[in-house]
*Asks:* 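Please read through the structure below; I'll follow up with questions.
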Number of protein chains: 2
Amino acid sequence: MLAKIKSARDGLRKSEQKVADVILADPDNSVQSSIQAIASLAGVSEPTVIRFCRALECVGFQQFKLRLAQDLASRGTFFYRDVTPDDSGKELTTKLIDGAIASLVHVRNQLNYDALDKAIQFYIDCNRIELYGSGGSAIVAEDAQLKLFRLGKPAIAYSDPHIQHPAASLLDKDALVIAISHSGRNQDLLTTVQIAKDARAKVVSVTATKSPLAELADVNLSVDIVEDSDIFSPVKSRLAQMVVLDILAVGVAVRGGEEMLHQLAKARRAIDFKFV
Amino acid sequence: MLAKIKSARDGLRKSEQKVADVILADPDNSVQSSIQAIASLAGVSEPTVIRFCRALECVGFQQFKLRLAQDLASRGTFFYRDVTPDDSGKELTTKLIDGAIASLVHVRNQLNYDALDKAIQFYIDCNRIELYGSGGSAIVAEDAQLKLFRLGKPAIAYSDPHIQHPAASLLDKDALVIAISHSGRNQDLLTTVQIAKDARAKVVSVTATKSPLAELADVNLSVDIVEDSDIFSPVKSRLAQMVVLDILAVGVAVRGGEEMLHQLAKARRAIDFKFV
DNA sequence: ACTACTATGTAATTTTATTACATAATATTG
DNA sequence: CAATATTATGTAATAAAATTACATAGTAGT
């Protein structure tokens, strides 16, 4: 629609062009305005605005506004821009959410499906899961615990390295470790994972490609998010990690066949009223 | 917006529900209709339609239609499809991530900026923050705690109702409560919030529009996500809630002016190597 | 069963969009 | 370069739509 206005502009009558200019100058504002507001902004009469709409093949002003609004809504490409102190609430929201979306799109494009399949197989072959992560990654670990829990095998998350270490040393070859880290360079976590490996547990990491943690793990689900401009630490990676683990959990569920899905649906219904 | 209507529906008055049903039944047609048309289709009076729009936090019918139209337009971009057992890893990933993205787009389109501004002001005016959430929402509360923590005021998250209750009773008018819930109908949480209000604390809720919790809170940051087809419980709402609280936190930070941003940057550098 | 409150509708009012018509501007032709 | 036709634009009237103010019906609580 915007493009249509632009290309139609020169073929319009003089006063209609004024209307086109006003709308092109601030389309977001225009969709909220009345004919009156636009007419006076453009310095033309109200019928002129209607004629303008008709020239654009709309039956009236309302339809024109509707089309324009839909156009504006779907134009959204999600590119990340830094927030600045003078952003309005709307700008802030748009920027942060677009950033989050962009990082999810990124994950979608980079996720390694072989690794995912291997991780799913590890889950199927194990008899219990331990999740390790500290700081922000502890949140992700807990979230994943909630999910994996309902798939039928014991799952527990530890965030304190002093507990992770002894816990890891008690694992065996039937245990699965999921180690979560943004940078993959947290020394405590690396030590924990090494202990788990020495105990012959399988290790899936959720971290940056080529990081020490990714190298150490049996399988890495890569989450490479640049947090370049966030005021806060890894918010976007946290989202991305959560989604990756969600994919793992759902993957396990669907590979488990009909009966697992069925059981999950049951579990869900039972929990729903509590899970708020 | 559609999701918003769905989740708000049960909290509406009877005749407003009729309006909701008419619109949900054929949203594409509704955006082109006048109040009259919708009113007569729903078998209610015209003012009822307006009241319905206001209940959805729109200033009038026009704004409502506009939002709905924009919602319909962007709905096609990332649409959610159910996962099936024979999905490949790639299909699984695409489906789940698109679902997550769609829910973030929703949040972007529906967030109420006035409410956001008020919530930011509450933070600025308070001297400590308590976050309440159970189950999945406890994860969100902890995540938010991590963020708010660094803005300079004490923040603590409680997930156990038996701890939330006494904690809430000890609050005073300088305390800010952030209550998180998917449905906004968790009785324990409602009780906690009532206790907090009786203690004169300010309450910001992060939950579904028109839910009992939203009604009870001083300000609600609406997160209306339909989890219709997820195998797991509120994963998408959890993401959405986290993002909304991230927006709140960043909003507080940027409104705090240059010096707060500076301090945060310092804090971040200091923590970075730990915060993995 | 009465009171108070909430929900809903009716009718008036205001705002918004549209039409019909008049006038001004521009082009066309003798 | 008039005179006239044609097109463009505005004014004022009208119709439609949205909104408000108010009245009444319904409901919950005593």
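Keep in mind that what you see is a predicted model, and the values were worked out from it rather than measured.
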*Asks:* Need one value for A:Val44: base, sugar-phosphate or nothing, where a base atom within 4.0 Å counts as base even if backbone is also close, heavy atoms only.
*Replies:* sugar-phosphate
*Asks:* Rounded to the nearest Å, what distance is computed from the CD atom of residue B:Glu16 to the P atom of nucleotide C:dT6?
*Replies:* 14 Å
*Asks:* I want to verify a distance call: between D:dA18, C:dT18, D:dA8, whose nearest atom is closest to the A:Arg13 side chain?
*Replies:* D:dA8
*Asks:* Check this for me, if you would: do B:Asp114 and B:Lys118 make a salt bridge, where the nitrogen-to-carboxylate-oxygen distance has to be below 4.0 angstrom?
*Replies:* no
*Asks:* Which residue, A:Gln36 or A:Arg51, contacts DNA chain C at a nucleotide closer to its 5' end, judged by nearest heavy atom?
*Replies:* A:Gln36
*Asks:* Would you say B:Thr48 places a side-chain N or O within less than 4.0 Å of OP1 or OP2 belonging to C:dG9?
*Replies:* yes
*Asks:* Return no unless some side-chain N or O of B:Ser34 is found under 4.0 Å from OP1 or OP2 of D:dA16.
*Replies:* no
*Asks:* Rounded to whole Å, how long is the line connecting atom NZ of A:Lys14 with atom P of D:dT9?
*Replies:* 6 Å
*Asks:* Just how far, in rounded Å, is C1' of C:dT6 from CZ of B:Arg54?
*Replies:* 18 Å
*Asks:* So, are A:Asp71 and A:Arg67 salt-bridged, with charged N and O less than 4.0 Å apart?
*Replies:* no
*Asks:* Whole Å only: how far is the CD1 atom of B:Ile38 from the P atom of D:dA17?
*Replies:* 12 Å
*Asks:* Here's a test of your reading of the structure: between B:Ser15 and B:Gln62, which maps to the more 5' nucleotide of DNA chain C?
*Replies:* B:Ser15
*Asks:* Take atom CD of B:Glu46 and atom C1' of D:dA21, then tell me their distance rounded to the nearest Å.
*Replies:* 15 Å
*Asks:* Tell me the interatomic distance from B:Gln63, atom CD, to C:dT16, atom P, rounded to whole angstroms.
*Replies:* 14 Å
*Asks:* Applying the side-chain hydrogen bond (donor to acceptor under 3.5 Å, both in side chains) test to B:Thr192, which of B:Lys197, B:Glu130, B:Gln164 qualifies?
*Replies:* B:Gln164
*Asks:* Using a strict threshold of under 4.0 Å (side-chain N to carboxylate O), is an ion pair present between A:Lys6 and A:Asp21?
*Replies:* no
*Asks:* Among C:dT18, C:dT19, D:dA18, which nucleotide sits nearest the side chain of B:Ile50?
*Replies:* D:dA18
*Asks:* May I have the distance from A:Leu66 (atom CG) to D:dA17 (atom C1'), rounded to whole angstrom?
*Replies:* 15 Å
*Asks:* Against A:Thr48, only a single residue in A:Lys14, A:Glu16, A:Arg13 fulfils side-chain contact (heavy atoms from CB on, under 4.5 Å); can you say which?
*Replies:* A:Glu16
*Asks:* Taking for each residue the nucleotide of DNA chain D with the nearest heavy atom, is it A:Lys18 or B:Ile35 whose nucleotide lies nearer the 5' end?
*Replies:* A:Lys18
*Asks:* Can you check the A:Lys65 NZ to D:dA17 P distance for me, whole Å?
*Replies:* 14 Å
